[in-house]
Amino acid sequence: MNVRLLKVLVLAVASLGVGLATFSLGSSGIADTSQGTPDPARRLKSVSEFQSIADAGTRSRALFVEAAKVITDPRCINCHPMNRQPTQGDSMHPHVPLMNAGGGAGPGIGPDGLMCSACHRAENSPAIPGSRVGSVPGNAHWSLAPVSMGWQKQTLGYICRQLKDPTRNGNRSLTQIHRHTIEDHLVGWAWHPGEGRRPAPGTQEEFSALIGAWIETGAECPS
Amino acid sequence: MPYALNVNGKSYSVDVDGDIPLLWVVRDVIGLTGTKFGCGIAMCGACTVHLSGQAVRSCITPVEDAANFDITTIEALGDAELGARVQKAWLEEEVVQCGYCQSGQIMSAAALLALNSKPTDEDIDSVMAGNICRCGTYPRIRSAIKLASSREG
Ligand code: FES
Ligand code: FES
C-alpha cells in the first residue's frame, strides 16, 4: 500500500475523538464534482461556429458570451470576488477557513502571517484519500484578483467592459489580454484544477481562440 | 529519493517519496512530534510549521516543496527572541486547555507577529481564523498575542 495513504488512514483512525470529528464542514461540503471525462454539455463552441453570424458586432458579442462560460466558471470567478474574500467550490460558498486575502489595488496574497501559500503551494496537492476536499489546489501565482477585477454577481457587459478598460485590467492592451489567456499559468490552472474539482469548460486553447476572435471582431460587449 | 532538509538549524537527509507531506517526515522520520495532525486537509492549522519564516500547513506541503527552505517547528521556535516571547505570553495567559491545537496556534501567532508587530483584533482574526481550537481557547489566544506584542523589544 502507498505509504502516504497508509499514514493518512492510520492517523485518521487514531485521531477519532482527538479532533477530526470536530472539524465538520457542514452540508455544503468543500469539494464538488470530480474530474472525469469531459462533459459534452461543457464544451466551448469553436470560433468557426460563429462565422454564420454576418454582423461583426453581433458576432463579437456572441463570441464574448461563449468565452464568458469560462470567465464565470467557479474555477475562475471564485478568486474574482467584489470583496477580498475568495469563494470555494461549484457552490461558491465562502472560503473555509475564512480568508481575507488583502491586497486591493494589486493581487491579494493573504494577510501577514497567513499567506495563501500557507495552503496553496506551487502545485495542486496530491489527492487526499477519503476526503471530500479531494485535494488542495495550488499554483505558484495563487492569489486573489485585484478589486478592480471583481466579477462576482456582475453582468457579462460589466465584466466585458472591465476587461477592456486599462484602468481596471492591469493596464493591458487587448493584445496583452489575449496573450494573458494563452500564456498565464494561473489562467491555465482552471483546466488543471486537481483532484475533486471540475475543470473550466472547453480547453484553454479554445478559450484563447474565442478571446482572439472577439478582439478581431471589435471586442464588442453585451449590454 | 533522498531529500536534504534543514529543520531547526540541523541538516537531515531523508529517503522518502517526494509527495509525502512534510508533517509525516517531521514527526515520523525525524522524530519531532510537537507538530500535530488534526485534519490532514489544510483546515485546522494543527500542523503549522514555518518555511523560512512563513507559516505553512505541513500536512499538505510535499516534502520536496520544503527542501529549499529553512524549516522551523515548535521545538525550536523558542530559540528566537520572538518565539520565546510568544511562548512566555502563552504560559502567563494560561492559554492551553487540552493542548492539541496549541503548537499550531503558537506557530501561527509567531508568524503573525514577525510581520505585524502590533496586530489589531481584525489582524489577529484574519490570521488565526485558520487555526481551530476545539477547546475554545480563542479569547486567551488573542490576549496572549496582545501581551507578546506589547513586550516587543
Ligand atoms: S492537520 Fe494540517 S491543517 Fe489540519
Ligand atoms: S486547547 Fe484543546 S484543541 Fe485547542
Asks: Please list every donor-acceptor pair under 3.5 Å in which a side-chain atom of residues 38-45 of chain B meets a protein atom from a residue at least two apart or in another chain.
Replies:
none

Asks: Can you confirm whether B:E152 is buried at CD, in the sense that more than 12 heavy atoms of other residues, nucleotides or ligands lie under 6.0 Å from that atom?
Replies: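 Yes, the 6.0 Å shell around CD holds more than 12 heavy atoms from other groups.
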Asks: Are more than 12 heavy atoms from other residues, nucleotides or ligands located less than 6.0 Å from atom CD of A:Q162?
Replies: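 Above 12, so yes.
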Asks: Need one label for B:L113: side chain, backbone, both or neither, based on atoms under 4.5 Å from any heavy atom in chain A.
Replies: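 For B:L113, neither part sits under 4.5 Å from chain A.
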Asks: For chain B, which residues of residues 113-121 of chain A have at least one non-hydrogen atom nearer than 4.5 Å to it?
Replies: A:G113, A:L114, A:M115, A:S117, A:A118, A:C119, A:R121
Asks: Chain A heavy atoms under 4.5 Å from B:A114: which part of the residue, side chain, backbone, both or neither?
Replies: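 The answer is neither part of B:A114.
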Asks: How would you list, in number order, the residues of residues 97-112 of chain A that have a heavy atom less than 4.5 Å from chain B?
Replies: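 Counting heavy atoms that sit under 4.5 Å from chain B, the residues of residues 97-112 of chain A involved are A:P97, A:L98, A:N100, A:P111, A:D112.
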Asks: Kindly compute the distance separating OG (B:S126) from CD (A:Q85), expressed to the nearest 0.5 Å.
Replies: 8.5 Å
Asks: More than 12 heavy atoms of other residues, nucleotides or ligands under 6.0 Å from NZ of A:K45: yes or no?
Replies: no
Asks: Which of the residues B:N116, B:T48, B:D65 is involved in the greatest number of heavy-atom pairs with chain A at under 4.5 angstrom?
Replies: B:D65
Asks: What residues, two or more places apart in sequence or in another chain, satisfy side chain to side chain contact (heavy atoms under 4.5 Å, CB included) together with B:S103?
Replies: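 Listed in chain order: B:K36, B:I74.
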Asks: Any chance NZ of A:K153 has more than 12 other-residue heavy atoms, nucleotides or ligands included, within less than 6.0 Å?
Replies: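 Atom NZ in A:K153 is not crowded, with 12 or fewer foreign heavy atoms closer than 6.0 Å.
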Asks: Tell me if the CD atom of B:E81 is crowded by more than 12 foreign heavy atoms within 6.0 Å.
Replies: yes
